[in-house]
Q: 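If you scroll down you'll find the structure; I have some questions about it.
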Amino acid sequence: MPIAAEPAAGADPSSSAVPEYPAWRKGVAGVLAKTRKVDAAELGAEPEKLLNQSTYDGLSIAPLYTRRDELPEQPLPGAYPFVRGGDATRDVHRGWFVSARIGAADAASANREITGGLENGLSAVELGVGAHGLPVADIAAALDGLLFELAPLALRAGTETAAAAAAVYEVLDRYSAPDRAAIRVSLGAAPLTSAFAGTEDIGLAETAALAVAAGQRPETIRAITVDGTVFHDAGASDAQELGAAVAAGLEYLRVLSGEMPVPEALRRLEFRFAATDDQFATIAKFRAARRLWARVAHALGAPSEGAAPQHAVTSAAMMSRRDPWVNLLRTTLAAFGAGVGGADTVTVLPFDSALPAGELGVSASFSERMARNTQLLLLEESHLGHVQDPGAGSWYVESHTDELATAAWSFMQELEAAGGYRAALDAGLPATRIAETNTRRESDIAHRRTAVTGVNEFPNLAEAPLSEAARTAGPGRRYGAAFDALRDRSDAYLAAHGSRPQALLVPLGTVAEHNVRVTFIANLLASGGIESINPGPLAESDIAAAARESGASIAVLCGTDARYGTDAAGAVDQLRAAGVGTVLLAGPEKVLTGIEEARRPDGFLAARIDAVAALTALLEKVGA
């Protein structure tokens, strides 16, 4: 894996490669010095690094990328190491394949979904069989009319994979096509990644037999899917998802090594990865994934076979149950990132996929059409498919691709050092590492360092309560699930009492003084299902009356630090005299000094508190 050349010792790349960089750095130092109230000299020689953001893989995202970050140019698409794409002649009028999951339980319904989808923009089909959809016996009828050479077929069949493959082969044997190799089928056998997820699948011996049989067919058939989404859904970072998937891919190659030559084994695998609304991270992920697998193929002596197809599926973990319409935006960004990153096939999950069918009062066909049209807009109106790897040459994209590939390779090596994927899985190594990452992410969301729109930031408390079925936690992890649980408690309280848990806001001073903190507190409380009562600016003499009128047992003082110094103690006295049981202050505890303990608030709500813990305590106080 090539590494960018280091600058000569003592050289300053900021001044040699980018003459304007020192001036920009000086400007950054000036702004940071002013905001931090320190001398610029105290910020060090590279003050801009204070603006860096860190990923869960420990990679730094800089605020600015310039020619000083330039890496060697990668070969064109279709050439090793395939960073820029595995296919040099991809149809620019098609772009990537637009796929959808067909999960109907009977042949007629499945066939309607397939034909209707293909007539309205789909260019690939993922058919659910067995526990994922229709019976094996219905496969032939479900696929009636499908033009296999135009629309690739993928199966999701779990323990029924071998039987489903046999049924598809029977259909193909009766199907006439001038170029059999143009027919692309993915059988979807995924025992190693299914073992991590705890879902049933066929065994490794049966998988190897499928791979051998696939190689004897004239069609282009990938028997094995290395499903990285199971690691993502468990909370993995990007590097962990890629590294674990590559380790699983290596394990499959070991299993197949006694059955066929390495090049043939490589042609039996494809990969599935999650695409998220972090568009640049997603772009880098798919580019880095190709680089990683190409390196494996090169090490095994078959570099030309390193371009395994990639299937992107929009992240299930990022899909919110609350304010689910925001998921339309999330999946748009995810599909954009996957497409620009070079995924061969993209599946966009319906925006309401985290909820029971019909929860929002919209039909399944509506949700599926929105998911399909998300991709079609990007392809047909934004023309993203007309250019392969448009991110190439971007200093940011290239740098992040390089660093992510290095981090993922390191995680794969950690699993290999533990004896390979299966041994590491038995020892619980990937689960442990991924759980650590998931815990860090949950902490960031709980402290609102990471925003989940509609969940821990800008929640819509006026939306209709979820049904009991929707409030039941489903499989897999979702970002912000702890906030969902708080909202569920609020819904239950609403059903029992006719109103939501409430808290009184006590604005101190003018609107200009209290508006920022009033907005912050209303947003914070709503993320836990607590409704804010805002009576507007209050003089100290009016606070007790406002508290009695509200009937709230919780009140939050909102104002400037200076205003707290003069008015907070009196406001606390008024609220307690009115019978308010819990008095809080918007801001950190350090803003309130010199006040005797009896006149201090009961707690403080600052920007980076553990919001889940604080809101849980408030709900308990009101009996929710």
Side-chain angles (χ1 to χ4, degrees), residues 2-72 237-239 276-285 287-288 337 391-408 410 437 440-441 443-452 456-457 516-517 519-520 560-562 587-591 604 606-611:
I3 302 298
E6 295 291 335
D12 180 5
S14 64
S15 58
S16 60
V18 186
E20 302 86 358
Y21 197 89
W24 175 79
R25 173 182 282 166
K26 183 177 180 181
V28 169
V31 172
L32 290 176
K34 183 177 181 180
T35 56
R36 299 184 178 211
K37 299 178 182 179
V38 298
D39 187 271
E42 298 179 41
L43 300 176
E46 298 178 300
E48 70 275 18
K49 289 190 175 180
L50 296 172
L51 299 176
N52 285 4
Q53 295 181 332
S54 182
T55 72
Y56 290 109
D57 294 308
L59 309 181
S60 289
I61 306 300
L64 178 69
Y65 287 83
T66 65
R67 189 170 297 280
R68 62 201 292 270
D69 303 293
E70 190 170 23
L71 296 173
S237 66
D238 288 341
T276 74
D277 52 1
D278 188 337
Q279 61 183 26
F280 286 107
T282 297
I283 293 169
K285 178 196 285 187
R287 299 174 89 248
S394 161
W395 296 311
Y396 172 26
V397 171
E398 297 287 11
S399 294
H400 195 46
T401 298
D402 184 72
E403 293 169 358
L404 180 58
T406 300
S410 178
T437 300
R440 288 161 54 205
R441 181 184 288 107
S443 176
D444 285 343
I445 293 172
H447 289 82
R448 304 206 306 172
R449 291 186 290 265
T450 296
V452 182
N456 70 348
E457 288 283 7
V516 170
R517 278 179 166 150
T519 302
F520 161 69
T560 62
D561 293 358
E589 187 172 2
K590 66 181 181 181
V591 306
F604 298 83
R608 292 294 178 255
I609 60 169
D610 184 336

Q: Tell me the closest heavy-atom pair linking Leu32 and Pro47, and the distance in Å.
A: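 Where Leu32 meets Pro47 most closely, the heavy atoms are CD1-O, 3.5 Å.
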
Q: Hey, are Tyr21 and Glu48 close enough side-chain-wise for a donor-acceptor pair under 3.5 Å?
A: yes

Q: Taking the side chain as every heavy atom from C-beta outward, state whether Leu50 and Arg36 have any pair of such atoms under 4.5 Å apart.
A: yes

Q: So, Thr35 side chain and Val31 main chain: donor-acceptor pair closer than 3.5 Å or not?
A: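 Present.
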
Q: Can a side-chain donor-acceptor contact be found between Asp69 and Ser399 if the only test is distance below 3.5 angstrom?
A: no

Q: So how far is it from Leu64 CG to Arg25 CZ, rounded to the nearest 0.5 Å?
A: 11.0 Å

Q: Are Asp561 and Arg517 ion-paired here, with the side-chain N under 4.0 Å from a carboxylate O?
A: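 Salt bridge: yes.
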
Q: Nearest 0.5 angstrom please: Arg448 CZ to Glu457 CD, how far?
A: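 Interatomic distance, Arg448 CZ to Glu457 CD, rounded to 0.5 Å: 4.5 Å.
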
Q: Of the non-hydrogen atoms in Ser443 and Arg449, which two are nearest, and what is the gap between them?
A: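 Taking Ser443 first and Arg449 second, the nearest heavy atoms are OG-NH2, 3.3 Å.
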
Q: Is Arg440 close enough and on-axis enough to Tyr56, meaning under 6.0 Å and within 45°, for cation-pi?
A: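 Here Arg440 fails the 6.0 Å and 45° test against Tyr56.
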
Q: Measure the acute angle between the ring planes of Phe280 and Tyr396, then classify it against the limits of 30° and 60° as parallel, tilted or perpendicular.
A: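 Taking Tyr396 first and then Phe280, their aromatic rings sit tilted (interplane angle of 30° to 60°).
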
Q: Heavy atoms only: give me the nearest Asp238-Lys285 pair and the separation to one decimal.
A: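 That would be OD1-CE, 3.1 Å.
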
Q: Does Phe604 reach the side chain of Ile609, with side-chain heavy atoms less than 4.5 Å apart?
A: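 With C-beta onward as the side chain, the pair stays apart.
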
Q: Taking all atoms of both residues into account, what is the closest heavy-atom pair of Ala446 and Asp610, and its distance?
A: CB-OD1, 3.7 Å

Q: How far does OG of Ser54 sit from CG of Leu59, to the nearest 0.5 angstrom?
A: 7.0 Å

Q: Residues two or more places apart in sequence or in another chain: which of them pass side-chain hydrogen bond (donor to acceptor under 3.5 Å, both in side chains) with Arg287?
A: Asp389, Glu398, Thr401

Q: Can you tell me how far apart CZ (Arg67) and CH2 (Trp395) are? Round to the nearest 0.5 Å.
A: 5.0 Å

Q: Yes or no on side-chain contact (heavy atoms from CB on, under 4.5 Å) for Arg441 and Thr450, after CA distance, side-chain angles and deciding distance?
A: CA-CA 8 Å; Arg441 181 184 288 107; Thr450 296; 5.8 Å; no

Q: If I take atom CG from residue Asp278 and atom OG1 from residue Thr276, how far apart are they, to the nearest 0.5 angstrom?
A: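 One finds 5.0 Å between CG of Asp278 and OG1 of Thr276.
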
Q: Hey, does Lys49 have a side-chain heavy atom less than 4.5 Å from the side chain of Pro63?
A: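 Heavy-atom side-chain distance check fails, nothing below 4.5 Å.
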
Q: Which pair of heavy atoms, one from Ser60 and one from Asn52, lies closest together, and at what distance?
A: CB-ND2, 3.9 Å

Q: Quick one, Glu403 with Asp57, criterion side-chain contact (heavy atoms from CB on, under 4.5 Å). Give me CA distance, side-chain angles, the key distance, then yes/no.
A: CA-CA 10 Å; Glu403 293 169 358; Asp57 294 308; over 6 Å; no

Q: Can you see which heavy atom on Asn456 is nearest to which on Val452, and at what distance?
A: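 Closest heavy-atom pair between Asn456 and Val452: OD1-N, 2.6 Å.
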
